[in-house]
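Whatever order the structure lists ligands and atoms in, that order sets their numbers, starting from 1.
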Amino acid sequence: MKLLIGRSDKDFAEIGAQYIAKFIRGNPQSLLCLAAGDTPLGMYKRLVELQHQGEVDLNSVYYVGLDEWVGIGYETKGSCMQVMMDGFYGPAQIRPENMRVFNGLAENMEEECAQVEQWVADHGGIGMTLLGIGMNGHVGFNEPYTDPQKSIVLHDLDNVTEQVGKKYFDGKSCPTQGVTIGIRLLSGAKQVCLVASGAKKAPILRKSLMEDPTVAVPASLMQLHEQLTVIMDQEAFRAL
Ligand code: F6R
């Protein structure tokens with residue numbers, strides 16, 4: 001496990017952006033699975049700047065969405081799709097044919113899951129995944145006690161996720177189900193990067209990295225990955 005610590009928000013974003021850019025340069029054509037949420041947004045912004053500076057070609061790889069709230073789509077502020085379109089895919093000018101994200105409004109969610117799984121298989125599995133950590137230790141929407149053998153999972157969301165999730169929806173209630181790339185596909189990635197910032201993430205980061213891996217804390221299962229990098233800021237690092 002490699003730990004990288006950002007000394008400021010700017011440094012945290014820079015470390016993450018450089019990590020992703022390096023992976024892309026070394027693995028063109030591969031498939032990236034990037035988390036939405038607040039934590040990585042500065043990294044994505046910096047990554048787009050790196051593209052403008054000619055340091056990386058963000059269209060030389062493919063993307064699969066990590067997760068989505070079930071029952072909402074791009075039009076709803078707070079959807080993972082909108083967060084990623086505004087924060088990354090749009091500014092990076094990712095070609096639509098280079099990406100496949102979950103449609104939270106799909107009429108047949110089983111079919112939607114099967115298609116996303118096929119997209120991952122067609123691109124040789126996940127090359128690199130960058131994952132935020134939920135306050136309950138979730139990664140994507142792999143909630144506590146998720147089945148780690150599943151490739152794609154449709155989950156009822158944990159109470160913690162529903163409460164914390166309100167921040168994306170202007171304080172209003174959020175959907176009660178989520179669909180996500182499962183632990184099986186995430187663990188099969190060539191490289192896994194966990195990102196965490198802020199003092200509020202320090203206790204769950206500690207559990208995820210310093211206690212035995214357990215399905216009760218899905219992020220902790222990533223300890224088992226041989227190519228795990230954890231990028232954190234000083235506040236999140238404090239409890240380690
Ligand atoms: C979002 C996602 C979630 C978040 C996690 C942390 O696509 O997969 O698992 O990464 O809830 O969210 P933030 O970064 O907002 O603290």
Is it the case that the side chain of [X] and the backbone of [Y] share a donor-acceptor pair, with hydrogens and angles ignored and the cut-off at 3.5 Å?
X      : Y      : result
Thr39  : Ala196 : no
Arg206 : Ala239 : yes
Asn142 : Ile181 : yes
Glu112 : Ala106 : no

*In terms of the angle between their ring planes, are Tyr63 and Phe88 parallel, tilted or perpendicular, with boundaries placed at 30° and 60°?*
perpendicular

*Collect the protein residues that have a non-hydrogen atom under 4.0 Å from ligand 1 and hand them over in chain and number order.*
Ala35, Ala36, Gly37, Asp38, Thr39, Leu66, Asp67, Gly132, Ile133, Gly134, His138, Gly140, Lys167, Tyr168, Lys201

What donor-acceptor contacts under 3.5 angstrom involve side-chain atoms of residues 154-161, with partners at least two apart or in another chain?
residue: His155; atom: NE2; partner: Thr146; partner atom: OG1; Å: 3.0
residue: Asp156; atom: OD1; partner: Gln177; partner atom: NE2; Å: 3.2
residue: Asp158; atom: OD2; partner: Asn136; partner atom: ND2; Å: 3.2
residue: Asp158; atom: OD2; partner: Val160; partner atom: N; Å: 3.1
residue: Thr161; atom: OG1; partner: Asn136; partner atom: ND2; Å: 3.1
residue: Thr161; atom: OG1; partner: His138; partner atom: ND1; Å: 3.2
residue: Thr161; atom: OG1; partner: Glu143; partner atom: OE1; Å: 3.1
residue: Thr161; atom: OG1; partner: Glu143; partner atom: OE2; Å: 2.7

